[in-house]
2 protein chains.
Amino acid sequence: MKPNIKDIARHAGVSPTTVSRVLNNRGYISQKTKDKVHQAMKELNYFPNELARSLFKQRTHLIGLIFPTTANPFYGELIFHIENAFSSKGYKVLLCNSLNRVDKEIDYLDMLQRNQVDGIIVGAHNRHISQYESMYLPAVAIDRNLSNSIPVVSSDNYLGGKVATEHLLKKGCQKIIHINGPHELETPANKRREAYEEVMVKEGRFPITYELRQSLDENYTKTIIDQLFDENPDVDGIFASDDLIAATVLSEAKKRGKDIPTELKIIGYDGTSTVKTCLPELTTIQQPIQAIAQSAVDLLIHQINGEAVDEPLKNIILPIQLSNGFTT
Amino acid sequence: MKPNIKDIARHAGVSPTTVSRVLNNRGYISQKTKDKVHQAMKELNYFPNELARSLFKQRTHLIGLIFPTTANPFYGELIFHIENAFSSKGYKVLLCNSLNRVDKEIDYLDMLQRNQVDGIIVGAHNRHISQYESMYLPAVAIDRNLSNSIPVVSSDNYLGGKVATEHLLKKGCQKIIHINGPHELETPANKRREAYEEVMVKEGRFPITYELRQSLDENYTKTIIDQLFDENPDVDGIFASDDLIAATVLSEAKKRGKDIPTELKIIGYDGTSTVKTCLPELTTIQQPIQAIAQSAVDLLIHQINGEAVDEPLKNIILPIQLSNGFTT
DNA sequence: TTGTAGGCGTTATCAA
DNA sequence: TTGATAACGCCTACAA
């Protein structure tokens, strides 16, 4: 069915070795032979089998990507930049949506190793998974500690939480509430929360954090926000740990007739271009998504090439930026 | 370094064949042997090499996905559902962001065939690419004609455009303008436009379509919309061919102090959950994203299994839905 | 400048 | 119930 190197060789009247040489531009080959071989490859519609190549070379140029879901714009954009960067360096990318489920993450990890990926980038946020420790495989984590030996790339989540909280304070908010994701997951949002709580305490305020657990109910977030407003009629500042939560807060507040930003100020987190397009008015903490992607990719390729990861590279922290909108 | 089947065999005191049998649960093997082998695999931290397996079996269980970019929420969500569906059937997914660039699409197509993918799903929208015609590889296109033999899955774009336009008419709009993406790309938006123009003409109205060309300028869309408002101060209805454009229209209109929906009504297209979260007030035509994904996946697996694609399956059209918001 | 042989890790066939 | 062997498609010594 599919032609192989022997078919090409026969068709071109040379040996398989010669074809291989042409393919890899290795050694000396006469132009005439080259042409013959290329001709044969075209005629037979030949695609070199990367499987066989990789098997021999013990190198696949395949990278595994484990992230919660491309359906979330933050990961969608991050993954886009990651794939892009890898593609330009000759790597291909296997996509895994872990949905923050431990079982899926473990299965994917197993699958990727069976498929001989050269390395993985993990941006999923589960509880600790011990497999990462025994694993011998170049890896980079985004916003999560996987094991002692796996470097972590993140943006400055603590600073982000601090800047967000201070921003609301500066704008005169009296009662600031924080909304965060599931605390049991090892998400970067935990540091944002920590910063919020520390800043609040330092300022003599009482920190209140509403926690969103993982839920299949579409309206769950709305319900909790509703509850928040009922329980805190005097809330005048909300720091949401991501923009989608902030968006929900915004629309629920509007439903209640609250005027933004006079009665209530809202700040989100992430600053994806999708949310910037949909809600340009939202004040948010902008993560350097492309820079995170680029760092992670560079760091992984570095490891794949067998180079040592110096201490400062083991924990890369990229700067965030306050993006001023009209919701604060 | 990495243990192979021989290492396991030696460690367990059996032959490689036996290990393979245990691995694949094939033939008769005594429980004792099974246990020994499993033990050895655990001790040596063994991962069967899928490359070698695939090479022999002539089947990779790898699928290529060519889409414009995961950074767009529509594709992000679509790809999420596709990967999910494949994963549950034992397939893995290679992600390709074509960015609607012909050269990238062709390169990816080549790469995927070298990597022996079992099939591909293409949701990229470029001008005609002849490679698809000569290609022997199971494939499914989403919203695009790739070649005569490649089945197409889409939602009812014509109906969507019709419903959107009629909706604005029903709501009393006098001057309705349509905004569409680059006309030279083979996007499904072309059918939405066609429907808009036909409905308008049928109603004795004059159709006006503003076309957004591909641009690297972040503010390009805004500029065009600005121009639209300047040139048509009396516009009172806008049908945007996707939600992100609609979102931009919405914010530009607000900037100009236009009251939505009294002075201007806006309807978008796609209805991703991301946009629904960010802009719940937006009226839009909702595509059945998960159903599109599922159909495409089923159809591809069908082909991979060597089954014929019956005529009705060659062009699957899924229903859309009007999602009523407050912008109309 | 070109060809031959062996092996990358696995599995199917055949034999024991 | 288990083992030896050839083959999947390619590449790298080594030989010519």
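The sequence lines fix the lettering, A, B, ..., with proteins before strands; numbering per chain opens at 1. Hydrogens, waters and symmetry mates play no part in the numbers below; they use all other heavy atoms, side chains included.
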> Quick one: K34(A) NZ to dT2(C) P, roughly how many Å, whole number?
Replying inline: 11 Å

> Whole Å only: how far is the CG atom of D35(A) from the P atom of dT2(C)?
Replying inline: 12 Å

> For the side chain of T60(B) and the backbone of Q116(B), is there at least one donor-acceptor N/O pair under 3.5 Å apart?
Replying inline: yes

> Would D107(A) and K104(A) pass as an ion pair if we require N to O under 4.0 Å?
Replying inline: no

> Under 4.0 Å between a side-chain N/O of S54(A) and OP1 or OP2 of dC10(D), yes or no?
Replying inline: no

>> From the set dT2(C), dT2(D), dG3(D), return the single nucleotide nearest to any side-chain atom of V14(B).
In response: dG3(D)

> How is T33(B) classified with respect to the nucleic acid when contacts are heavy atoms under 4.0 Å: base, sugar-phosphate, or nothing?
Replying inline: sugar-phosphate

> Hey, is the side chain of T18(A) poking within less than 4.0 Å of OP1 or OP2 on dG3(C), counting only N and O atoms?
Replying inline: yes

> Does D7(B) pair with R10(B) as a salt bridge, N-O distance under 4.0 Å?
Replying inline: yes

Output a table of donor-acceptor pairs, distance under 3.5 Å, between side-chain atoms of residues 289-299 of chain A and any protein atom two or more places apart or on a different chain; print 'none' if there are none.
unit_1, atom_1, unit_2, atom_2, d
Q294(A), NE2, D298(A), OD1, 3.1
S295(A), OG, A291(A), O, 3.1

> Looking only at heavy atoms, what is the nearest atom pair of P3(B) and N45(B), with distance?
Replying inline: CG-O, 4.0 Å

>> Does the protein touch nucleotides 6-16 of chain C at the base, only the backbone, or not at all? Give it as B, S and - per nucleotide, heavy atoms under 4.0 Å.
In response: -BBBBBB----

> Once you round it to whole Å, what is the distance between P of dG9(D) and CG of D7(A)?
Replying inline: 8 Å

> Checking side-chain contact (heavy atoms from CB on, under 4.5 Å) for the pair V140(A)/V153(A): CA distance, chi angles, key distance, verdict?
Replying inline: CA-CA 7 Å; V140(A) 171; V153(A) 175; 3.9 Å; yes

